[in-house]
Amino acid sequence: MSDDSGKRDGAGRVVALCGGVGGAKLALGLQANLGVRLTVIVNMADDFNHLGLHISPDLDTVLYTLSGLNDTARGWGRAGETWNFMAALQQVGGDTWFQLGDRDLALHVERTRRRALGETPTTIAADIAKRLGVTARILPATDADLRTMVTTPEGELEFQRYFVARRCEPTVKRIHFEGRENAMATDDVRQALAADDLELIVICPSNPYLSIDPILAVRGIADGLRAARAPVVAVSPIIGGEAVKGPTRKIMDELGLAPTNAEIVAHYRGLIDGLVIDRADGAEAASLGTEVCVAATLMTDLPSKIRLAEQVLAFGRRIRGARAGETIAVASGDGA
Ligand code: FO1
């Protein structure tokens with residue numbers, strides 16, 4: 001490799017902070033590059049209790065995506081799914097606004113059973129990840145109860161009620177995380193962020209307000225990023241003023257935030273050493289006031305996820321190199 005990968009890269013670990021669908025795509029690309037060297041810290045604040053089951057949507061999206069079981073068209077849940085449970089539930093007058101596929105249902109039933117026995121989300125996630133063949137290490141951000149609540153003109157909505165039942169239509173006036181005062185990072189998360197062989201921390205292109213903030217709200221995680229020996233880079237969820245998927249742009253508008261990379265830099269200020277932006281926004285690079293890597297950030301297939309992950313890792317190497325006193329060119333992901 002032309003850059004310093006031979007010297008500094010190689011056996012080090014990488015930690016990725018990840019929410020649901022968008023973040024999981026990059027996590028898959030990172031896993032393809034890093035295998036067991038990757039640790040994914042997953043948002044747990046989308047969790048909710050439904051039909052007597054404890055549902056962990058972002059965790060399951062990451063588990064299914066990294067095991068190759070996910071339905072890539074739908075974005076969540078399992079490929080080859082059947083919906084007999086939902087049809088039968090409808091027949092007996094059950095709540096069907098939240099779709100639970102027959103195969104997916106097994107995971108919710110088993111997780112609920114094990115939580116009721118007192119097992120932690122961390123232990124359950126690690127065991128299920130292993131059984132599903134996930135290579136990377138999967139860590140819930142916290143084992144405590146944390147809930148993203150969205151304040152709308154209709155009142156406060158639990159995240160899934162806002163996101164799924166109301167399809168993100170209500171205006172978002174405020175987002176807060178119920179339980180944050182007691183939500184501590186697990187020991188595994190603290191150790192992952194404090195590891196002395198940590199080479200890079202990646203904030204995946206999940207929704208900063210709905211998926212990354214509830215991770216950073218967990219006590220010990222934001223401080224862990226600041227104290228980490230490794231650089232922290234974020235991948236922007238914005239391309240050309242639009243969000244790739246989901247309500248990011250709408251929420252930014254409703255919160256009075258400009259849908260720009262400058263806003264993303266401001267949001268993560270003090271936490272990140274660099275931002276990966278799309279080629280469509282390359283002209284902004286020099287004015288963002290942080291190290292920038294210009295890359296193709298739209299992930300449409302596995303090769304594009306792997307390529308973006310490679311560029312993120314190369315960006316991290318460049319920042320480490322610069323810290324070690326080498327010069328850093330304004331990075332262009334193309335052919336870097
Ligand atoms: N998203 C939907 O838009 N509709 C659903 O019915 C739905 C069901 C569902 C079941 C399990 C699961 O793990 C995720 C599910 N999601 C559904 C996605 C989920 O609401 C979001 O992906 C995350 O919470 C946001 O990142």
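Quantities reported herein were computed from a predicted structural model and do not represent experimental measurements. Just follow the structure's listing: the first ligand is 1, and inside any ligand the first atom is 1.
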Identify all pairs of nitrogen or oxygen atoms, one from ligand 1 and one from the protein, separated by less than 3.5 Å, and list them with distances.
from, atom 1, to, atom 2, distance (Å)
ligand 1, 1 (N), Trp76, NE1, 3.3
ligand 1, 6 (O), Gln99, N, 2.9
ligand 1, 20 (O), Gln160, OE1, 2.6
ligand 1, 24 (O), Asp46, OD2, 2.9
ligand 1, 24 (O), Gln160, NE2, 2.8
ligand 1, 26 (O), Asp58, OD1, 2.8

Parallel, tilted or perpendicular, judged at 30° and 60°: which one describes the rings of Phe159 and Phe163? parallel

Correct closest heavy-atom pair for Ile201 and Ala230 would be N-CB, 4.5 Å

If you look at every heavy atom in His267 and Pro208, which pair is closest and at what distance? CD2-CB, 3.8 Å

Looking at residues at least two apart in the chain, or sitting in another chain, which of them share a ring pair (Phe, Tyr, Trp, His ring centres under 6.0 Å) with His176? none

Is the ring pair His50/Trp97 parallel, tilted or perpendicular, if the boundaries are 30 and 60 degrees? perpendicular

The side chain to side chain donor-acceptor pair (under 3.5 Å) partner of Thr122 among Asp188, Thr142, Asp143 is Asp143

